[in-house]
Amino acid sequence: MPHGAAGPQAGGDAVTAGVATICDLAGGGVADAQLVLGQILLDGVLLPRDPRGALGWFLAAARQGSAMGCNMVGRCCELGWGMSPTPAEAMRWYRRAACAGLDWGMYNYATGLTLGWDGPPDHGRALAWLRRAAARGHCKSFNIIGGFYEDGWAVTRDLAQARAWYVRAAEGGDFRGHFNLGRFLLAEGRTALAHRHFEIAGGTATPAFRARMERFLAGGGMQDEGAMRFAPAGEVGGLGA
């Protein structure tokens, strides 16, 4: 068994029978249970937090061909969960997840291509993967495609297209999509609606993003544009993100 797979602690009142069952199924080789147990250990919910153990279970699922397992090993490599951060290794796992058809793998792989985690930035290839994820309804990819059109990365700069993609991202519930749509609405003079989108973004954003958004609203501008579009290292996410 991977490290961290000992199952419920003796006398652990907080560990439910459901978690015990997940531990048994994971130990028996059920990939979906391995993913769930890995997330439990990563979050420290019901069992003590154990990033190294989480990585072990994600690897076990990945070795069985689980696309989400590959994606989560990539997250561990990117963010240093249970290991030292190795973005180049993360890219290899993300590519496996992307090639297996997982929208989150496509999104994460495209993010790495855009930011140059394993070589020079490649906006053209990144956009191609983002479009594939978007075709599967991945709303965070909608937002980044909007950024490509806003900045003219691998496409002709087109603010109308950027706005349309931000609308789709916001409608899908992405907090960055709400923020970016709010910026456009603010520029259009639609202040009340813009601030409504900022409020929605603030209600679901990570603390790091919320702090950047507050600086923007206080008049600091887009001081870190990449971080306003992508999920930078240090922002915690679960299965997928």
Side-chain angles (χ1 to χ4, degrees), residues 14 35-36 38-55 58 68 71-87 90 94 103-105 107-112 114-115 117 130 133 138-147 150-151 165-186 191 193-241:
L35 290 170
V36 172
Q39 192 65 54
I40 288 171
L41 292 169
L42 190 61
D43 293 341
V45 175
L46 301 178
L47 292 173
R49 189 169 189 273
D50 182 359
R52 185 178 165 215
L55 172 59
F58 295 144
M68 183 58 79
N71 184 70
M72 290 307 295
V73 174
R75 291 287 283 167
C76 291
C77 294
E78 176 194 343
L79 297 170
W81 293 338
M83 61 180 295
S84 298
T86 52
Y94 287 150
D103 54 357
W104 277 110
Y107 166 80
N108 288 323
Y109 186 57
T111 298
T114 302
L115 300 178
W117 288 348
L130 289 167
H138 192 261
C139 67
K140 289 185 178 295
S141 294
F142 298 161
N143 176 67
I144 300 185
I145 293 171
E150 185 175 359
D151 293 335
W165 282 103
Y166 291 148
V167 168
R168 292 185 66 183
E171 289 176 346
D174 179 55
F175 63 81
R176 287 182 175 81
H178 279 290
F179 170 77
N180 287 318
L181 178 56
R183 288 192 298 108
F184 272 64
L185 291 166
L186 199 62
T191 304
L193 186 56
H195 280 277
R196 177 59 185 148
H197 281 281
F198 293 146
E199 288 173 8
I200 295 171
T204 57
T206 63
F209 186 90
R210 193 178 300 115
R212 295 185 185 98
M213 188 173 70
E214 289 171 356
R215 286 196 296 271
F216 170 83
L217 294 174
M222 295 277 279
Q223 296 177 354
D224 188 355
E225 294 191 35
M228 301 303 277
R229 302 239 174 84
F230 300 94
E235 288 195 12
V236 176
L239 290 175

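If you're wondering where the values come from, they're calculated on a predicted model, not measured in any experiment.
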Measure across [X] and [Y] and return the closest heavy-atom pair with its distance rounded to 0.1 Å.
X	Y	value
Ala201	His178	CB-CB, 3.9 Å
Ala169	Gly177	CB-CA, 3.7 Å
Gly202	Arg210	O-NE, 2.8 Å
Ser141	Ala133	OG-CB, 3.3 Å
Ala194	Gly182	CB-O, 3.3 Å

So [Y] and [X], do their side chains get closer than 4.5 Å, heavy atoms only?
X	Y	result
Arg52	Asp50	yes
Trp104	Met68	yes
Leu42	Gln39	yes
Leu55	Trp81	no
Phe58	Arg75	no
Thr111	Trp117	yes

Nearest-0.5 Å distance that lies between atom [atom1] in [X] and atom [atom2] in [Y]:
X	Y	atom1	atom2	value
Thr114	Asp151	OG1	CG	11.0 Å
Glu199	Thr204	CD	OG1	12.0 Å
Met72	Glu78	CE	CD	10.5 Å
Ile145	Glu150	CD1	CD	14.0 Å
Leu35	Asn71	CG	CG	10.0 Å
Arg183	Phe216	CZ	CZ	6.0 Å

Between Phe179 and Phe209, ring centroids under 6.0 Å: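 Yes, ring centres under 6.0 Å apart.
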
Whether Tyr166 side chain and Gly147 backbone form a donor-acceptor pair below 3.5 Å: yes

Parallel, tilted or perpendicular, as decided by the 30° and 60° cut-offs, for the rings of Trp165 and Phe142: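 Geometry flag for Trp165 against Phe142: tilted rings.
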
Neighbour count above 12 (heavy atom, 6.0 Å) for Arg49 CZ: yes

Ring pair (Phe, Tyr, Trp, His ring centres under 6.0 Å) assessment of His195 paired with Phe198: CA-CA 5 Å; His195 280 277; Phe198 293 146; 5.5 Å; yes

Glu171/Arg168 ion pair, N-O < 4.0 Å: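 So Glu171 does not pair with Arg168 through a salt bridge.
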
